[in-house]
Each structure stands twice: as structure tokens, then as C-alpha cells.
Number of protein chains: 2
Amino acid sequence: MVARIFATERFPNSVFEMRRDVFQAIADPTRRAIILLVATQAMTPNALAEHFDSSRQAISKHLRILTECELVKQEQSGRKIHYHFNAKKMKEVADFIEPFRQMWDTRFNQLDNLLSTIKTTKK
Amino acid sequence: MVARIFATERFPNSVFEMRRDVFQAIADPTRRAIILLVATQAMTPNALAEHFDSSRQAISKHLRILTECELVKQEQSGRKIHYHFNAKKMKEVADFIEPFRQMWDTRFNQLDNLLSTIKTTKK
DNA sequence: ATATTGAGAAACCAAATGGTTGCACGTATA
DNA sequence: TATACGTGCAACCATTTGGTTTCTCAATAT
């Protein structure tokens, strides 16, 4: 549905490369696990698949999605493809979350406590 | 499928309240918009629905998902229900992202530049 | 030169998703 | 008391998702 925006009747799919959303990409637990693995060390699809129950092709599909939203980049060497993590793209998620940080951050809670203590003392 | 873990044959759905995943919840752009609205000010479903094209019931379903994963909390007053944001749950996402922060943070890139400058100078 | 290997593409499938409309029900209001 | 309002739920539907199996193809190994 997000992809629909980029597709037209003449180019239903292939040309306007379906751009994925980072949020949609990290929604899947397998993909998050892949990200964690790849962030530590660039890996091939085969190597990655060994860490999961599902087939290599299934992992390949996850990698496609991660590549489309640029959370991961390919580096070809011979017939092998090493996937490595692209941290910059993760910043998009961080940017969304950042405004909420102060709402849960303990430092702010401590500030609240401090303020109420002052209040009480003054009273 | 994540929910499947919590469901059994005897209790296919209702009893084992389908616990949603925060990541899955923020995957949808409408839900992210709802979060942003609700974070500023607690709102009722009707009030929220005015900000979107889709029906009130559709928004209600989104609110159900957000409630199930505790990103949002209900506060009933008469026949109205005010939904307000629960920042703590968002921390789960922040915790996932945090390890990657240093990889995109410009301060670290600057450090990299500095280090390579030193290297060059020494040479 | 031939066999094997790494990897993506295609076709298919069951389940999940996001939307709709219609309905039920408790709470406010005339 | 009767009516309008605010909300959630159920049933339905089209599309998307995540998985599988089979196939192709280029790169390596024998």
C-alpha cells in the first residue's frame, strides 16, 4: 500500500522499485534478528539462514525487504553477497522516537521528584 | 503469528488476550500519526477520527492494537474514552535502536575523521 | 568440461492486515 | 421516558505478508 504510491499502470512493479518503510521492515522479529546479526558482522544469506528455522529463500526475501528500505546494503564478491548493516537508515526510527524520550527518561522523573521536593520544603 | 503464541486450541482468541508487539504497532503510518496526536493531548476516538480519512471504526481498531501493546491507555469518563500515550512502552523500541546509535551519530564520525587525520599527520 | 554451490525469481498458499458496513449497548440529554 | 451520542464488536472483503517448493543462472571447484 505504501508501495502503491510508487507504482503506475505502465510500470506496475519493477521499474519503480518498491520502496519499503523502515518501520514496516523492523516490524518482523526475524528481520530484527537479521539486523542484529548483520550489524555485528557482514554475512551471506546462507550464513544467516543457518541461524533460523526457515528456508534460505525465506531469509532471502527478508533481505530483499531490508535492502529495499536500505537498512542493509549488498556487497558482492564472486557469487557470494555479503549483507551489511546501514545504520544511517535506523536513524529514521530514532528520529520518530526522540520526541518521546523525555517522557520515559528517568532523569526527567528525578527532576520531577526534585521539583516536588522543593515545593514541599517551601511549603 | 506473534499472537498465536498466546492462543491455544481451547482459548483461540479472547481469554489469552492477543498481546501485540510494539514494533508491529508502529509499523502502520496511521497508528504512528495517532500516537503523535495522542502524545500531545489525550483524545477520544471520535476526535481522532476527524484527523483521518478512514472511518471511526477503523481508528477504533487501530486504538485496540495500540492498547493491546500498551502504547496507549484508556481513561473512561462517562460514555467518552480518552486515550493517552504511554511513553514507557516506546522505550522498548529505543532499547532496540540504542546499540546502533554510535554507528550513525555524527560525533563518532567526527571522531573517525579526527583519528584518520592524526594517522595522516603522523605518516 | 562438468558438477557443485550461492543466490535471486516465480508460483503458490494460508494467515494476517486494514478497511468497510451494520449492529448492540451503555451513557447523556430532550 | 424517549432519543441521540460515543464506542466497541462482528462479519465480510481485498490486499499484503511470510512461508514453501521449484527453477534458473552465474561463479567456483573438481
Side-chain angles (χ1 to χ4, degrees), chain A residues 1-7 12-15 17-21 23-34 38 42-69 72-84, chain B residues 1-7 9 12-15 17-21 23-34 38 42-50 52-69 72-84:
Chain A
M1 41 192 32
V2 176
R4 185 61 58 80
I5 300 164
F6 300 95
N13 205 341
S14 57
V15 177
E17 177 184 352
M18 299 220 294
R19 280 223 291 160
R20 300 283 185 151
D21 193 71
F23 294 95
Q24 199 267 338
I26 65 166
D28 184 84
T30 305
R31 283 198 289 270
R32 286 201 299 279
I34 290 175
V38 163
M43 292 176 80
T44 66
N46 265 322
L48 279 166
E50 286 172 13
H51 292 261
F52 301 93
D53 287 336
S54 43
S55 69
R56 177 189 60 76
Q57 287 90 334
I59 302 301
S60 210
K61 282 175 87 171
H62 283 306
L63 286 169
R64 184 160 127 75
I65 288 166
L66 290 170
T67 307
E68 277 171 358
C69 76
V72 133
K73 281 191 294 185
Q74 301 175 317
E75 188 200 7
Q76 191 124 16
S77 77
R79 67 182 165 189
K80 291 186 184 174
I81 299 179
H82 286 267
Y83 285 86
H84 42 106
Chain B
M1 41 192 31
V2 176
R4 185 59 59 78
I5 300 164
F6 300 96
E9 208 175 324
N13 204 341
S14 57
V15 178
E17 179 184 350
M18 297 222 294
R19 281 223 291 159
R20 300 282 186 150
D21 193 71
F23 294 94
Q24 199 268 338
I26 64 167
D28 184 85
T30 304
R31 283 198 289 270
R32 286 200 300 280
I34 290 176
V38 163
M43 291 177 82
T44 67
N46 265 323
L48 279 167
E50 284 172 14
F52 301 93
D53 287 337
S54 44
S55 68
R56 177 189 58 76
Q57 286 92 332
I59 302 302
S60 210
K61 282 175 86 171
H62 283 305
L63 286 170
R64 183 161 127 75
I65 289 166
L66 290 171
T67 307
E68 278 170 0
C69 77
V72 133
K73 281 191 293 184
Q74 301 175 317
E75 188 202 6
Q76 191 124 16
S77 77
R79 67 185 165 186
K80 291 186 184 174
I81 299 179
H82 286 267
Y83 285 85
H84 42 106

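Naming: A, B, ... by sequence-line order, numbering from 1 per chain.
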> Listed in order of residue number, which residues of residues 42-56 of chain A have a non-hydrogen atom at under 4.0 Å from DNA chain D?
Replying inline: Ser54(A), Ser55(A)
>> Does dG6(D) have OP1 or OP2 under 4.0 Å away from a side-chain N or O of Tyr83(B)?
In response: no
> Mapping Ile65(B) and Gln57(B) to their closest nucleotides on DNA chain C, which lands nearer the 5' end?
Replying inline: Ile65(B)
Under 3.5 Å, side-chain donor or acceptor atoms of residues 54-61 of chain A against the rest of the protein: list the pairs with distances, not counting sequence neighbours.
residue  : atom : partner  : partner atom : Å
Ser55(A) : OG   : Ala58(A) : N            : 3.2

> Distance check: side-chain N/O of His62(B) vs OP1/OP2 of dG19(C), anything under 4.0 Å?
Replying inline: yes
>> When you compare the side chain of Asp21(B) with that of Pro29(A), does any pair of heavy atoms fall below 4.5 Å?
In response: no
If you restrict it to nitrogen or oxygen atoms, what contacts under 3.5 Å exist between nucleotides 27-30 of chain C and the protein, and what is each distance?
residue : atom : partner  : partner atom : Å
dT27(C) : O3'  : Arg79(B) : N            : 3.4
dT27(C) : O2   : Arg79(B) : NH1          : 3.0

>> Counting distance alone, no hydrogens or angles: does the base of dG8(D) have a donor or acceptor under 3.5 Å from a partner atom on the side chain of Lys61(B)?
In response: no
> For dG8(C), does either OP1 or OP2 sit under 4.0 Å from a side-chain N or O belonging to Gln74(A)?
Replying inline: yes
> Rounded to whole angstrom units, what separation is found between the CD1 atom of Ile34(B) and the C1' atom of dG18(C)?
Replying inline: 12 Å
> Rounding to a whole Å, what distance do you find between Leu63(B):CG and dC9(D):C1'?
Replying inline: 14 Å
> Does any pair with a residue in residues 73-83 of chain B pass side-chain hydrogen bond (donor to acceptor under 3.5 Å, both in side chains), and if so which ones, sequence neighbours excluded?
Replying inline: Gln74(B)-Tyr83(B)
